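Throughout, numbering of the chain's residues begins at 1 and tracks the sequence. In what follows, every heavy atom counts, from backbone to side chain, and hydrogens, waters and symmetry copies are set aside. Everything numeric here is computed off the predicted structure, so don't read it as measured data.
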Amino acid sequence: MFASKLSIVALATLITAGLATPHAFAKTGGNGWQTAVTVTVATGTTDQFEHIPCPTGFYAQSGGFFAFASAVGNGFALTGQGPRLDLNPPQYGEWAWNFVWPNGGAPAGAQLVFNVLCKKGNP
């Protein structure tokens, strides 16, 4: 399990390091990847839940995130992602992520960047 957490962190850090800005590949509304959202995580946070909706008439097909190097300390791990099945009725028009920092919480200055891939119609 530790190896898979390490792989996620290494991959996210590598991807982030190779991009000048994640917003360069995003667009707002319509089919495709939406505009990326940057979230600053409060120092010491142990559990972070984020979700991004698609425009009306679209469903969330996938989601992505980038973890800046400042966010990956203290055992950072993605513990779940997908459509909002936690709601009743389920919300397929939103994508959600849950992260944990089990060893003392998020380090100071931790930031995550989120994006959602939206498609026209119903899932």
Taking the six-membered ring for Trp, are F65 and F99 closer than 6.0 Å centroid to centroid?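 Judged by ring-centre distance (under 6.0 Å), F65 and F99 do meet the cut-off.
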
Are F49 and W97 an aromatic pair, judged by ring center distance below 6.0 Å?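 No.
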
Taking atom types as modelled, is there a side-chain donor on Q111 or T40 under 3.5 Å from an acceptor on the other?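 Yes, side-chain donor-acceptor contact under 3.5 Å.
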
Return each pair, listed once, that meets salt bridge (charged side-chain N to carboxylate O under 4.0 Å, His left out) where at least one residue sits in residues 99-114; pairs must be two or more places apart or across chains.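 Sorted result for residues 99-114: empty, none.
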
Pairwise salt bridge (charged side-chain N to carboxylate O under 4.0 Å, His left out) hits with a residue in residues 58-80, at least two apart: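 Salt bridge (charged side-chain N to carboxylate O under 4.0 Å, His left out) check on residues 58-80 returns no pairs.
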
Gap between atom [atom2] of [Y] and atom [atom1] of [X] - 0.5 Å precision:
X   : Y    : atom1 : atom2 : answer
L87 : H51  : CG    : NE2   : 8.0 Å
I52 : L117 : CD1   : CG    : 12.0 Å
W33 : C118 : CH2   : SG    : 9.0 Å
Q91 : C54  : CD    : SG    : 11.5 Å

Looking at [X] and [Y], what are the two nearest heavy atoms and their distance?
X    : Y    : result
T43  : A108 : OG1-CA, 3.2 Å
L85  : P90  : CD2-CB, 3.8 Å
A110 : A71  : CB-CA, 3.6 Å
W95  : P83  : CZ3-CD, 3.6 Å

Using the test side chain to side chain donor-acceptor pair (under 3.5 Å), find all partners of T45 that sit at least two apart in sequence or belong to another chain.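 T45: no side chain to side chain donor-acceptor pair (under 3.5 Å) contacts found.
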
Who passes side chain to side chain donor-acceptor pair (under 3.5 Å) against W101, sequence neighbours left out?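 With neighbours one apart ignored, the set is empty.
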
How about [X] and [Y]: do any of their side-chain heavy atoms sit closer than 4.5 Å?
X    : Y    : result
L112 : V41  : yes
P107 : S70  : no
V39  : Q48  : yes
Q34  : P55  : yes
V113 : V37  : no
Y59  : N122 : no

Measure from the side-chain N and O atoms of [X] to the backbone N and O of [Y], and report whether any donor-acceptor pair falls under 3.5 Å.
X    : Y    : value
N115 : G64  : no
N98  : T79  : no
T46  : P102 : no

Which residues share a salt bridge (Lys or Arg N to Asp or Glu O under 4.0 Å) with E94, sequence neighbours left out: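 Scan of E94 (salt bridge (Lys or Arg N to Asp or Glu O under 4.0 Å), adjacent residues dropped) gives R84.
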
Which residues pass the ring-ring contact (aromatic ring centres under 6.0 Å, His included) test with Y92, not counting sequence neighbours?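 Partners of Y92 by the ring-ring contact (aromatic ring centres under 6.0 Å, His included) criterion come out as none, since no residue qualifies.
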
